[in-house]
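A short write-up of the structure that comes next.
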Amino acid sequence: MIKPDIVKEVNSLSEFYDKLTAMQQTAHFTEYCAHHKPLKELTKKCDTVKELGVCQGVTLAAMMMEKPKKIIGIDIMPKYFNPYSKLFYDYAEKHNIDFEFKIANTMEAESVSDCDLLHIDTTHKGNVLAKELEMHGSSVKKYIVFHDTCNYAGSDGLLVEIAKFITKYQYWQIIDHNIQRVGYTVIKRVKRLPSHNERR
């Protein structure tokens, strides 16, 4: 992913989002940002949203502009986010959003907290995603969105780890899976009916 320095060219969160999204689409292809749409739509249904792997913050901005009650960003390397952090804090204050950016390892307990929607966009390695799901899965009430879930240009393709997770903990189902370019996947927590044996 490109990490252009546009800090001197933007004055608002919406301007930051529009400019960085356009630059990413130009550099990588339009489909690279396809997961923004489900993130925005699902944020409207959620009070607390959280992102693992903020980088500069373009998807964090996409969710914040839908005005959830609380939004949390987690990243172990804040250097890409820091130049734009004021845009986020100013927007959050203006719209009465409880915003927190935390410097933390996503595979450690300090990064875990309850949320309705979790977006995972970290290292795109299967072993890392498996640990993140074990660590964070039980704290997510509604949805998990994953970026880069298809094999393309060096991405490992993470769908197999998602399948393992929803097979092990059978209260999740895939509701959206985009296979274009790097792709994305969305899973939803669901209530299960009793099994045949449980009805007896």
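Note that the numbering runs from 1 along the sequence shown for the chain.
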- Would you check, one step at a time, whether the test side-chain contact (heavy atoms from CB on, under 4.5 Å) holds for Phe101 with Ser85? CA-CA 9 Å; Phe101 177 79; Ser85 62; over 6 Å; no

- Message: Test side-chain contact (heavy atoms from CB on, under 4.5 Å) on Arg181 and His28; report intermediate values, then the result.
- Response: CA-CA 9 Å; Arg181 306 288 187 171; His28 298 302; over 6 Å; no

- Item | Test side-chain contact (heavy atoms from CB on, under 4.5 Å) applied to His35 and Asn178, step by step | CA-CA 8 Å; His35 63 310; Asn178 184 308; over 6 Å; no

- Message: Show, in sequence, the C-alpha distance, side-chain angles and deciding distance for Phe146 and Leu158, and conclude whether the side-chain contact (heavy atoms from CB on, under 4.5 Å) test is met.
- Response: CA-CA 8 Å; Phe146 309 83; Leu158 303 174; 5.7 Å; no

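Within a 6.0 Å sphere centred on CD1 of Ile174, heavy atoms belonging to other residues, nucleotides or ligands number more than 12. Heavy-atom neighbours of Lys70 NZ from other residues, nucleotides or ligands within 6.0 Å: above the threshold of 12. For NZ of Lys67, the number of neighbouring non-hydrogen atoms (other residues, nucleotides, ligands) closer than 6.0 Å is greater than 12. By the neighbour-count criterion of 12 heavy atoms within 6.0 Å, atom CD of Glu93 is sparsely surrounded, having that number or fewer from other residues, nucleotides or ligands. Within a 6.0 Å radius of NZ in Lys40, more than 12 heavy atoms belonging to other residues, nucleotides or ligands are found.
Ring-plane geometry between Tyr32 and His147 is classed as perpendicular, the angle between the planes exceeding 60 degrees on a 0 to 90 degree scale with a lower cut at 30.
The pair Glu134-Lys131 does not meet the salt-bridge criterion, since no charged nitrogen lies less than 4.0 angstrom from a carboxylate oxygen.
In this structure, the separation between SG on Cys150 and CD on Gln180 is 8.5 Å, given to the nearest 0.5 Å. Rounded to the nearest 0.5 Å, atoms CD (Glu132) and CD1 (Ile74) are 11.0 Å apart. Between the OH atom in Tyr17 and the OG1 atom in Thr59 there is a gap of 9.0 Å [rounded to 0.5 Å]. Taking NZ of Lys86 as the reference point, atom OH of Tyr91 lies at 15.0 Å (rounded to 0.5 Å). In this structure, Leu117 CG and Ile71 CD1 are separated by 8.5 Å, a value rounded to the nearest 0.5 Å. Rounding to the nearest 0.5 angstrom, the gap separating the CD atom in Gln24 from the CZ atom in Phe29 is 10.5 Å.
Within the 4.5 Å cutoff, no side-chain heavy atoms of Thr123 are placed close to those of Thr106. The shortest distance between side-chain heavy atoms of His136 and Ser111 falls below 4.5 Å. Side-chain contact between Leu129 and Ile162 is present, with at least one heavy-atom pair separated by less than 4.5 Å. By the 4.5 Å heavy-atom criterion applied to side chains, Asp98 and Lys69 are not counted as neighbours. By the 4.5 Å heavy-atom criterion applied to side chains, Glu110 and Lys102 are counted as neighbours. No side-chain heavy atom of Ile72 sits under 4.5 Å from any side-chain heavy atom of Cys115. Tyr184 is listed as a side-chain neighbour of Asp176, based on a closest heavy-atom distance under 4.5 Å. Using a 4.5 Å heavy-atom cutoff, the side chains of Phe88 and Leu60 are in contact.
The hydrophobic cluster containing Met63 does not contain Tyr80, counting ILVMFWY residues as joined when their side-chain heavy atoms lie under 4.5 angstrom apart, directly or transitively. Under a hydrophobic clustering in which Ile, Leu, Val, Met, Phe, Trp and Tyr are joined whenever their side-chain heavy atoms come within less than 4.5 Å, directly or via other members, Tyr89 and Leu13 fall into the same cluster. Linking ILVMFWY residues whenever their side-chain heavy atoms come closer than 4.5 Å, directly or via other members, leaves Phe165 and Met107 in distinct clusters. When the side chains of ILVMFWY residues are joined at heavy-atom separations under 4.5 Å, either directly or via intervening members, Val58 and Met77 end up in two distinct hydrophobic clusters. Phe81 is connected to Phe16 through a chain of hydrophobic side-chain contacts under 4.5 Å among Ile, Leu, Val, Met, Phe, Trp and Tyr, so both are in one cluster.
When each of Leu133, Val186, Leu42 is checked for a side-chain contact (heavy atoms from CB on, under 4.5 Å) with Ile144, only Leu133 meets the rule.
Between Pro68 and Cys46, the closest heavy-atom pair is CB-O, 4.1 Å. For Met64 against Ile97, the heavy-atom pair with the smallest separation is O-CD1, 3.7 Å. When every heavy atom of Phe99 is checked against every heavy atom of Ala92, the shortest pair comes out as CB-CB, 3.6 Å. Taking each heavy atom of Glu51 and Val54 in turn, the nearest pair found is OE1-CA, 3.5 Å.
A donor-acceptor distance shorter than 3.5 angstrom exists from the side chain of Asp75 to the backbone of Cys55, with no hydrogens or angles considered. Under a 3.5 Å cut-off, the side chain of Asp116 and the backbone N or O of Lys142 do not form any donor-acceptor pair.
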